[in-house]
Amino acid sequence: MMQNKILVIGAAFVDVIIEVPQLPSPGEDVTGDFQKNQVGGSAFNVYGALNYAEATTDLLAPVGRGPYADIVTKTMQQRQFPILLQDDIADNGWDISLVEPSGERSFITMQGIDQLWKSEWFDSLDFQSYQYFYISGYETEQKESLTVILNQLRTRRPDSYIVFDVSPRVQYMTPETIDSFLHSGVIIHGNEDEIKYLSSYSTVEDQLQDIYSKTNSPVIVTLGNRGAGIYDQNGFRIIAGEEVKAFDTIGAGDTHCGGILAGLQRGLSIDGAVKLGNQLSALVIVQRGGSL
């Protein structure tokens with residue numbers, strides 16, 4: 001009997017959280033309030049949501065060697081997240097997360113081992129046991145690493161799905177990279193600013209319809225406090241979000257994506273899965289920290 005496990009492919013980053021009254025303009029100096037270092041990264045946050053939802057899932061996020069890798073290792077051990085992949089070729093990446101009073105965040109990212117993927121990192125995995133694979137746009141920046149990951153994903157089961165979480169880095173992706181995900185069996189997930197890079201149409205509904213015409217799989221866009229939009233064979237609709245006051249939006253999109261994956265694994269409809277994503281992302285934005 002085939003399993004329907006989820007494989008989360010990506011990075012465990014260290015977020016250096018600093019609260020600022022506003023982002024500085026060029027040449028301006030603002031005073032920040034350091035909060036803490038915490039482990040994040042899209043894949044880590046998605047896995048946190050899946051773990052919270054008690055999904056059957058594995059996290060394939062490389063843990064390297066260095067001061068940031070030490071923080072990642074300690075956190076994963078404390079949270080009892082299995083470390084499936086260790087390699088001493090580089091330290092883990094880290095970022096400065098600037099959080100404004102509204103809860104909105106901006107990042108300055110220093111990349112690490114997460115951009116150095118090797119085919120042998122997948123050797124211990126049974127790809128036939130996974131029905132869903134998560135990957136974000138952050139893993140597409142280095143052509144060599146992306147080629148390694150895509151080559152592995154080509155060995156997946158015919159009935160499996162890739163969930164591609166577009167990420168803010170989409171504006172730097174080549175047309176070839178974008179096209180590599182616009183095909184059947186790929187569920188696209190992103191926010192309004194990200195989705196627009198995948199289509200030449202001007203409205204969100206038209207953009208989602210255009211993407212769906214290429215993937216024949218649900219396309220999902222997060223809409224902030226309005227909830228999330230879906231386009232599939234039943235057309236476009238919005239699944240209302242939870243009414244909460246955002247404290248910190250770090251990890252909200254990742255958690256939303258993790259909730260959708262957990263819902264799909266449970267056998268929920270896409271609408272039900274997106275509703276679960278809305279619920280989990282509402283939980284994460286009212287706390288300090290980007291992972292459930």
Side-chain angles (χ1 to χ4, degrees), residues 4 6-8 42-43 45-47 49-50 52-53 55 57 130-137 159-168 170 173 178-244 246 249 251-285 292:
N4 69 337
I6 300 165
L7 180 63
V8 179
S42 292
N45 294 336
V46 168
Y47 184 81
L50 288 164
Y52 180 88
T57 181
Y130 299 105
Q131 189 170 12
Y132 300 99
F133 296 85
Y134 168 88
I135 181 174
S136 84
D159 68 333
S160 64
Y161 285 90
I162 297 169
V163 175
F164 179 54
D165 199 10
V166 181
S167 91
V170 64
M173 293 181 197
I178 291 173
D179 287 345
S180 67
F181 290 99
L182 295 182
H183 59 78
S184 179
V186 180
I187 298 172
I188 301 292
H189 178 276
N191 64 32
E192 291 177 90
D193 291 333
E194 296 161 357
I195 288 290
K196 67 185 181 184
Y197 287 97
L198 306 187
S199 173
S200 60
Y201 287 86
S202 58
T203 69
V204 169
E205 183 173 347
D206 287 343
Q207 290 163 358
L208 268 60
Q209 182 178 11
D210 180 37
I211 296 167
Y212 176 77
S213 72
K214 300 169 184 175
T215 64
N216 294 308
S217 303
V219 186
I220 302 151
V221 59
T222 56
L223 302 169
N225 57 15
R226 289 177 289 159
I230 304 170
Y231 195 99
D232 62 6
Q233 71 273 16
N234 297 315
F236 178 77
R237 65 267 188 206
I238 293 177
I239 307 299
E242 305 287 308
E243 294 187 8
V244 297
T249 63
D254 305 328
T255 302
H256 189 266
C257 198
I260 292 170
L261 279 162
L264 292 174
Q265 187 183 66
R266 291 180 188 177
L268 299 181
S269 66
I270 189 62
D271 292 48
V274 170
K275 183 177 180 180
L276 179 59
N278 290 349
Q279 292 168 346
L280 296 191
S281 61
L283 291 177
V284 83
I285 66 174
L292 291 177

Participant: With rounding to the nearest 0.5 angstrom, report the CD1 to OH distance, Ile6 to Tyr130.
Facilitator: 10.5 Å

Participant: Please, which pairs that meet side-chain hydrogen bond (donor to acceptor under 3.5 Å, both in side chains) have at least one residue in residues 270-279, sequence neighbours excluded?
Facilitator: Arg237-Asp271, His256-Asn278

Participant: Take atom CG of Asn216 as the centre, draw a 6.0 Å sphere, and report whether it contains more than 12 heavy atoms from other residues, nucleotides or ligands.
Facilitator: yes

Participant: Can you name the side-chain hydrogen bond (donor to acceptor under 3.5 Å, both in side chains) partners of Thr203, sequence neighbours left out?
Facilitator: Asp206

Participant: For the backbone of Asn4 and the side chain of Gln265, can you confirm whether one donor and one acceptor N or O come within less than 3.5 Å of each other?
Facilitator: yes

Participant: Distance from Glu192 atom CD to Leu223 atom CG, nearest 0.5 Å?
Facilitator: 5.0 Å

Participant: Go through the side-chain N and O atoms of Asn191 and Glu194 and say whether any donor and acceptor fall under 3.5 Å apart.
Facilitator: yes

Participant: I want to check something: taking the side chain as every heavy atom from C-beta on, are Ile270 and Ile220 in contact at a cut-off of under 4.5 Å?
Facilitator: yes

Participant: Report yes if some heavy atom in the side chain of Leu182 is under 4.5 Å from a heavy atom in the side chain of Ile188; otherwise report no.
Facilitator: yes

Participant: May I ask you to test the Asp179-Lys214 pair for a side-chain heavy-atom distance under 4.5 Å?
Facilitator: no

Participant: Can you check side chain to side chain contact (heavy atoms under 4.5 Å, CB included) on Ile135 and Phe181, steps first, answer last?
Facilitator: CA-CA 10 Å; Ile135 181 174; Phe181 290 99; 3.9 Å; yes

Participant: With a 4.5 Å limit on heavy-atom distance, are the side chains of Asp165 and Val163 in contact?
Facilitator: no

Participant: Check each of Phe236, Tyr231, Tyr201 against Tyr212 using the ring-ring contact (aromatic ring centres under 6.0 Å, His included) test, and report the only one that passes.
Facilitator: Tyr231

Participant: Quick one: OG1 on Thr215 to CG on Leu198, what's the gap to the nearest 0.5 Å?
Facilitator: 10.0 Å

Participant: Short question: side chain of Asn45, backbone of Thr255 - any donor-acceptor pair under 3.5 Å?
Facilitator: no

Participant: Kindly indicate whether the side chain of Val204, heavy atoms from C-beta on, has any atom under 4.5 Å from the side chain of Ile195.
Facilitator: no

Participant: What distance separates Leu280 CG from Ile260 CD1, expressed to the nearest 0.5 Å?
Facilitator: 10.0 Å

Participant: Please report the interatomic distance CG(Asp254) to OG(Ser42), rounded to the nearest 0.5 Å.
Facilitator: 4.0 Å

Participant: Hey, are the side chains of Leu283 and Tyr52 touching, using non-hydrogen atoms and a 4.5 Å cut-off?
Facilitator: yes

Participant: Taking the side chain as every heavy atom from C-beta outward, state whether Val186 and Ser217 have any atom pair closer than 4.5 Å.
Facilitator: no

